[in-house]
Amino acid sequence: MNATKMTANPQPNFLRGTFAWSVQGYAFAEPPPSNLLAPETLSSRDPWLRVAAILEHAKRGDHRHIPRLMDCLHPADESGVPPAAIQLIGDAGRDSDLALLQELMANGPDEFRVYAAQAASMAGRISLVPSMLDAWTRVMSRDHHDMVGDAISTLLESPGGAITANAGSYRTGGASTNPDRNASRTEFEALVVARLDEVKAQHGDGKVIWQGHAFHATGLAQEMQSLLRDPNAGPFHGLFIWMRHKLEAASGFDGAACFRKGVLQPLSAAATLEKFLERDAHDEEVGVRYFFGHPISA
């Protein structure tokens, strides 16, 4: 990969706020300047257009182009393309495509390991947990340990569980014989493995999992609505962003109205969720991967 700093990939105006879950999510800020479904757009020199084209195909149930997202990844690219591309692999990739996340967690730079672990948590396949745990042991900074650990927690347990509480316990700084370092690492890994065994025993390997339970879009929307109505919920802006991401990716729910200038608007969010729950179709299966309402094949 090219290690030269890349500065030639400004985000097009129609993608302002797209891929940001307190702004546009997977919606576009304005109509695209070209036909994203045209074959030539998939080969554009602009990686933003390629990612947008692959997203637009996936919204229509065509997931064949997801592997092309790997061509958009350059470690020195600070434009925002890499996190957008990696999260789309997790949200819309076929089960066979999820091996790309495992490759990134094993061999990518630490930033890519974090993005891939977060994408794996959204994919909902517990078969990815060993790769996520391996990424946790490989990343070097405390912040990266926290982020990978939080991704594992999002997949396996309810908010505020033991996994996320211990996510940052691994002490960085290279090889060490410090017994405290080894103990904290073993404790975290033991927590993850034990919880993984519990989830696997309850749901098997085939279900899509979210916070330790079989995922269902309608159930998540109801949970979000209850959170908004709970006077004792406390600060939940960050949690709501993750929930909005999961719901929108699976169902096509447009959550942009839930936020204004990046800040959660509880009343608008409640009304938007109410409209979603009143929709005619509630035929999604529990524990099945969807992207914008289309089942994702293996």
Rounded distance [0.5 Å steps], CG in L196 versus CD in E189: 12.5 Å
Count the heavy atoms belonging to other residues, nucleotides or ligands that lie under 6.0 Å from CZ of R260, then report whether that count exceeds 12. no
Quick check: does any side chain N or O of D62 sit under 3.5 Å from a backbone N or O of R64, one acting as donor and the other as acceptor? yes
Basic-acidic side-chain contact under 4.0 Å: R113, E103: no
Among all residues two or more places apart in sequence or in another chain, which pass the ring-ring contact (aromatic ring centres under 6.0 Å, His included) test with H245? W21
Partner residues of K275 under the side-chain contact (heavy atoms from CB on, under 4.5 Å) criterion, sequence neighbours left out: none
Qualifying side chain to side chain donor-acceptor pair (under 3.5 Å) pairs with a residue from residues 32-41, counting only residues at least two apart or across chains: none
Basic-acidic side-chain contact under 4.0 Å: K246, D91: no
Main-chain N/O of I296 paired to R94 side chain as donor or acceptor, under 3.5 Å: no
Could you tell me whether K59 sits above the aromatic face of Y26, with NZ or CZ closer than 6.0 angstrom to the six-membered ring centre and within 45 degrees of the axis? no
Check ion pair R68-D71 (N to O, under 4.0 angstrom): no
Under the rule for side-chain contact (heavy atoms from CB on, under 4.5 Å), what residues qualify as partners of A116, not counting sequence neighbours? I86, L101, L104, M105
May I have all residue pairs that pass ring-ring contact (aromatic ring centres under 6.0 Å, His included) and include part of residues 45-66, sequence neighbours excluded? H57-H65
Polar side chain donor-acceptor pair, Q225 to E274, under 3.5 angstrom: yes
By side-chain contact (heavy atoms from CB on, under 4.5 Å), which residues pair with Q202, not counting sequence neighbours? none
For S141 and D143, does a side-chain donor sit closer than 3.5 Å to a side-chain acceptor? no
The single option from F292, F276, Y290 passing ring-ring contact (aromatic ring centres under 6.0 Å, His included) against F253: F276
CG-CD1 distance between L69 and I89, expressed to the nearest 0.5 angstrom: 5.0 Å
